[in-house]
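Some notes on the structure that comes next.
Below, chain A is the first sequence line, B the second, and so on; all start at residue 1.
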There are 2 protein chains.
Amino acid sequence: MTVPSGRRERKKAATRQKISDTALRLFLERGYDTVGIRDVAAEADVAVTTLFSHFASKEALVFERDEDFEQRLTQAVTGRAPHEPLIPALRREIRSLVRHCTADSAAPIWRMIDESPALRKYEESMRLRHAESLATAIAADPGLSPTTTASRTIARFVIDAHSLAREAADPDAALDEIFRMIEAAWEVTGPSGPA
Amino acid sequence: MTVPSGRRERKKAATRQKISDTALRLFLERGYDTVGIRDVAAEADVAVTTLFSHFASKEALVFERDEDFEQRLTQAVTGRAPHEPLIPALRREIRSLVRHCTADSAAPIWRMIDESPALRKYEESMRLRHAESLATAIAADPGLSPTTTASRTIARFVIDAHSLAREAADPDAALDEIFRMIEAAWEVTGPSGPA
DNA sequence: GACCGTAGCACTAACGGTTAGCTTTTTGAA
DNA sequence: TTCAAAAAGCTAACCGTTAGTGCTACGGTC
């Protein structure tokens with residue numbers, strides 16, 4: 001009972017990591033579509049069912065680290081300095097996230113994602129989830145009093161900003177431009193403006 | 001060659017319609033997930049391969065009519081009265097589209113969509129396509145001179161407006177609120193404002 | 001009216017992601 | 001040592017989707 005301390009957790013994490021590493025390597029070597037789940041499982045030396053007990057789908061193998069994304073966004077809202085305005089805090093976080101995924105080391109992965117319809121679809125559905133988490137965080141902020149609609153709308157806009165900036169020729173410039181628009185949209189939601 | 005006039009077209013359209021009607025009926029009767037492609041094909045009295053020659057995927061059976069959506073949006077931009085500002089024209093069109101899919105007759109279909117992850121995913125990827133068409137239409141407007149980023153951003157925001165308003169408790173009120181935000185975002189994209 | 005190209009449809013068989021059902025091994029604790 | 005549960009395994013399937021192949025009906029042409 002209680003906490004399954006020690007070895008068990010480590011072994012499980014190791015198995016998960018091995019599967020993830022193997023999958024990403026094979027996908028990049030041979031292409032996402034040409035590598036099958038059975039290939040990944042064989043190369044990682046696990047059963048197919050084991051693979052699916054660690055990852056909900058083939059696409060999830062590629063987006064392994066996306067819980068980070070969601071957490072960092074909500075953290076940027078709930079954990080910002082007292083009296084710091086909402087939008088600049090979000091802008092800073094989004095900028096950091098965009099830089100992270102436009103870095104050279106991440107480029108091959110994102111090229112692979114952009115080329116696979118299945119992966120793009122999956123990313124889209126992730127964005128909806130992220131937007132809803134962010135909306136909840138914004139709505140719960142004690143310093144603000146946005147309507148439900150306003151918080152959900154701003155959350156969507158912010159997620160859009162990430163997606164659009166990531167694809168832009170000049171991500172930093174695009175981000176500035178988009179956040180100017182978001183700032184304007186945010187300001188009309190309350191006569192008192194951001195806290 | 002030329003146009004395969006007459007009977008052939010009618011027969012093809014009839015087959016397509018029969019498949020679509022049968023599918024929607026079965027989905028609503030028994031649930032999207034519990035009805036298989038083979039069930040639909042059998043009930044419509046066609047082969048599975050025939051079904052897939054008319055519809056690209058199972059989800060496409062549900063969203064049969066959504067070529068309209070894309071066309072109506074771009075039409076709202078390219079076909080609006082001379083000197084009519086962009087955002088109000090879009091707002092009018094989105095309002096009409098939202099009303100159409102919150103109507104009582106469409107309610108069961110949208111409930112089904114909201115309950116099926118596969119259908120939600122599909123809808124999400126459709127939204128991306130719609131946003132890109134709309135962005136292209138906005139960018140091509142002779143009366144405006146938005147940057148690429150601005151037109152893509154506004155397009156996303158408008159698509160978001162549809163999706164958010166559709167789910168809101170009071171769609172009309174939500175739409176007003178969101179479009180106030182979009183209007184503000186649009187105004188900061190050019191010092192001269194909309195044409 | 002006979003002829004031919006092609007569009008539409010059918011059928012079988014498979015592929016690839018995913019899951020259910022059940023057994024075996026490993027691990028932590030009594 | 002013993003036991004319960006977690007983790008991993010195997011088999012066999014389900015389901016959406018596609019390839020390959022052939023048949024039939026239609027439309028245009030001589």
Practice task
Report the C-alpha distance between Asp66(A) and Arg129(A) in whole Å, list the side-chain angles of each, state the deciding distance to 0.1 Å, and finish with yes or no for salt bridge (charged side-chain N to carboxylate O under 4.0 Å, His left out).
Solution key: CA-CA 11 Å; Asp66(A) 89 289; Arg129(A) 285 210 324 276; 3.2 Å; yes
Handout entry: Sugar-phosphate, base or nothing in reach of Val48(B), heavy atoms under 4.0 Å
Key =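 Since a base atom lies under 4.0 Å of Val48(B), the category is base.
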Exercise for the section: Would you indicate what Val40(B) reaches in the nucleic acid, counting non-hydrogen atoms under 4.0 angstrom: base, sugar-phosphate, or nothing? Expected result: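 Nothing, no nucleic acid heavy atom in range.
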Problem - Under 3.5 Å donor-acceptor, Thr189(B) side chain and Ala185(B) backbone - result: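 No, Thr189(B) side chain to Ala185(B) backbone: no donor-acceptor pair under 3.5 Å.
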Problem - Backbone N/O of Tyr32(B) and side chain of Lys58(B): donor-acceptor pair under 3.5 Å - result: yes
Handout entry: Sub-4.0 Å heavy-atom contacts from residues 15-34 of chain A onto DNA chain D, ordered by number
Key = Thr15(A)
[X] [atom1] to [N] [atom2]: how many Å, rounded?
X	N	atom1	atom2	result
Leu61(B)	dG16(D)	CG	P	10 Å
His54(B)	dG8(C)	NE2	P	8 Å
Glu9(A)	dT26(C)	CD	C1'	15 Å
Phe55(B)	dG8(C)	CZ	C1'	15 Å
Lys12(B)	dT6(C)	NZ	C1'	12 Å
Asp45(B)	dC11(C)	CG	P	9 Å
Asp39(A)	dT18(C)	CG	P	14 Å

Can you find a donor-acceptor pair, distance only, under 3.5 Å between [X] side chain and [N] base?
X	N	answer
Ser53(B)	dC9(C)	no
Arg38(A)	dT18(C)	yes
Arg8(B)	dG8(C)	no

Problem - Donor-acceptor pair between Ser163(A) and Arg156(B) side chains, under 3.5 angstrom - result: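 Yes - a donor-acceptor pair under 3.5 Å links their side chains.
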Practice task
Name the closest nucleotide to the Phe52(B) side chain, picking from dA7(D), dG8(C), dT17(D).
Solution key: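 Given the options dA7(D), dG8(C), dT17(D), the side chain of Phe52(B) is closest to dT17(D).
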Exercise for the section: For Thr49(B) and for Lys11(B), locate the closest nucleotide of DNA chain D by heavy-atom distance; then report the residue assigned to the nucleotide nearer the 5' terminus. Expected result: Thr49(B)
Handout entry: Closest-nucleotide 5' rank along DNA chain D - winner of Ala47(A) and Lys58(B)
Key = Ala47(A)
Practice task
Identify whether Val62(A) and Met126(A) are in the same connected component of the hydrophobic contact network (ILVMFWY, side-chain heavy atoms under 4.5 Å).
Solution key: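 Both belong to a single hydrophobic cluster.
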Handout entry: Salt-bridge present (Glu64(B), Arg16(B); N to O < 4.0 Å)
Key = yes
Problem - Cationic N near anionic O, under 4.0 Å, Asp160(B) to Arg127(B) - result: yes
